[in-house]
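These notes concern the structure reproduced below.
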Amino acid sequence: MTITHAEADELLGAYALDALTAAEARRLEEHLAGCPEQAAAAAELRTTQSLLALTAGEVQPPPELRQRIRQAVAANPSQSGTVSGPAAAIVPIRRASRMPRWAPRRAYLAVAAALLVSLGVGGLIGYQLSQSQQPLAYTFQGDPTRAPGADARLVYFRDRQQAVLTVSGLPRLTAGHVYEIWLIKGGVPVDEGISADPNGNVAAPISGDVPRFDQLAITIEPGEQQLPTTTPILIGSLRKGH
Amino acid sequence: MSGEPNDQDGEMAAQLKRGDATAIESLYDRYGRLAYGLALRILNDRNAAEDVVQDAFLGVWRNAGSFDGSRGSLRNWLLSVVHNRAIDRLRGTAKTRQEAQLETIERTAGMPDPWETVALDLERKQILEAFQQLPEAQRLALELAYFRGYTHTEIARHLNLPLGTVKGRLRMGLEKMRSYLQARGVTP
């Protein structure tokens with residue numbers, strides 16, 4: 001089944017992001033093969049898509065990864081190099097399982113509980129609970145005095161146990177400060193990462209199992225902290241009925 | 001700084017083509033943090049991210065002979081491999097998407113290299129700004145497609161939006177990013 005020029009035009013953005021099914025992509029590519037104008041537009045969008053990789057930021061890998069890659073390369077000859085012969089098996093990856101990321105923070109429980117008392121709860125405007133097979137979507141607004149006009153949306157995807165947080169309209173950051181995101185359970189905040197966009201926007205994946213937590217909070221901190229050191233500029237309930 | 005990364009990329013690519021294994025270590029030292037950051041952003045799991053990065057570097061090593069530096073940078077290729085393998089892992093469809101993955105890598109490597117003209121640090125800052133200045137709805141759509149591996153149909157279903165709206169947000173998001181960067185001389 002062929003597609004029209006107009007239909008192809010609609011699909012170009014999703015195509016550049018690999019967000020089409022294989023069948024859709026195949027039909028579009030058949031069309032692009034005979035349409036230089038849209039093929040050029042697709043290439044342009046793909047170029048922009050490739051830039052998204054650089055929004056992830058650098059993270060220092062564990063030191064042993066370099067050694068593992070070196071060993072794997074030594075065991076697998078390059079197809080282009082001077083080494084010949086059948087490729088050996090890839091070096092298997094075997095590691096001891098690791099502690100959950102929040103485990104080391106247990107030592108801070110008492111401090112955290114004390115801090116949370118001082119944080120208070122405020123700024124929650126509402127939440128939406130979707131149907132059982134749908135993702136959970138929560139919406140929040142910023143504290144009326146500390147972050148007036150800030151809007152946050154947290155979407156939790158049950159099938160992958162992951163969430164995405166987007167926030168706009170936060171107070172602008174001053175030099176050296178970051179927004180820090182927290183999930184809170186039983187009075188214990190778990191660091192969910194930082195964002196340092198000076199314009200007051202956040203778009204971040206949240207790795208915690210959101211429904212197991214009581215609250216989401218955002219603070220402004222002088223660099224990433226293990227526990228909140230300031231009063232949240234946005235805090236909201238993740239519990240039905242709160 | 002402009003131009004320097006690509007000079008070094010060119011040398012590393014030549015070494016890889018000669019089967020010089022030390023080039024992989026140079027590549028890792030230069031782009032390992034970027035690769036790991038990208039894999040971690042997608043997978044949210046350090047062990048899985050490490051596996052994907054190892055697999056990607058090994059893939060680059062084993063297929064270096066097919067790399068054509070005139071069609072795209074080594075970094076672009078490496079990050080495309082990391083992205084595709086991480087998304088495959090997230091979707092749990094590594095085998096079934098193998099063919100599509102190779103097509104994607106080839107297609108991406110054939111694009112004009114977006115990194116040719118600017119230094120990495122400045123460029124990354126501007127690209128991040130370009131992403132963050134997007135309206136929230138477009139940013140979320142790009143986030144779900146690029147970093148979560150959802151199709152446009154899945155995004156529409158999950159967010160309870162018409163499919164046409166999602167298609168529009170994906171394209172508009174990319175186009176706005178491009179315009180923002182072009183206005184600052186970042187993209188070709």
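Below, chain A is the first sequence line, B the second, and so on; all start at residue 1. Being a predicted model, the structure only gives us computed values, none of them experimental.
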* Asked: Using non-hydrogen atoms and a limit below 4.5 Å, what part of residues 161-173 of chain B faces chain A?
  -> B/K167, B/L170, B/R171

Minimal non-hydrogen separation, [X] against [Y], with atom names:
{"X": "B/Y36", "Y": "A/Q60", "value": "CE2-O, 3.7 Å"}
{"X": "A/S50", "Y": "B/N76", "value": "CB-OD1, 3.8 Å"}
{"X": "B/R41", "Y": "A/T55", "value": "NH1-O, 3.4 Å"}
{"X": "A/V59", "Y": "B/G37", "value": "CG2-CA, 3.6 Å"}

* Could you list all the ring pair (Phe, Tyr, Trp, His ring centres under 6.0 Å) pairs where at least one residue sits in residues 42-73 of chain A, not counting sequence neighbours? => none

* To do: For residues 22-72 of chain A, pull every pair meeting ring pair (Phe, Tyr, Trp, His ring centres under 6.0 Å), keeping only residues two or more places apart or in separate chains.
  => A/H5-A/H31

* Asked: chain B: which of A/S168, A/P61, A/A25, A/G13 shares the most heavy-atom pairs with it under 4.5 Å?
  -> A/P61

* State which residues pass side chain to side chain contact (heavy atoms under 4.5 Å, CB included) with A/T166; sequence neighbours excluded, sorted by chain then number. => A/R153, A/V164, A/A203, B/E136, B/R139, B/L140

* Select, from B/N44, B/T22, B/I24, B/V53, the one with the greatest count of heavy-atom pairs under 4.5 Å involving chain A. => B/N44

* In terms of heavy-atom proximity below 4.5 Å to chain A, should B/L43 be classed as side chain, backbone, both, or neither? -> backbone

* **Which atoms of A/R70 approach chain B - backbone, side chain, both or neither, heavy atom under 4.5 Å** => side chain

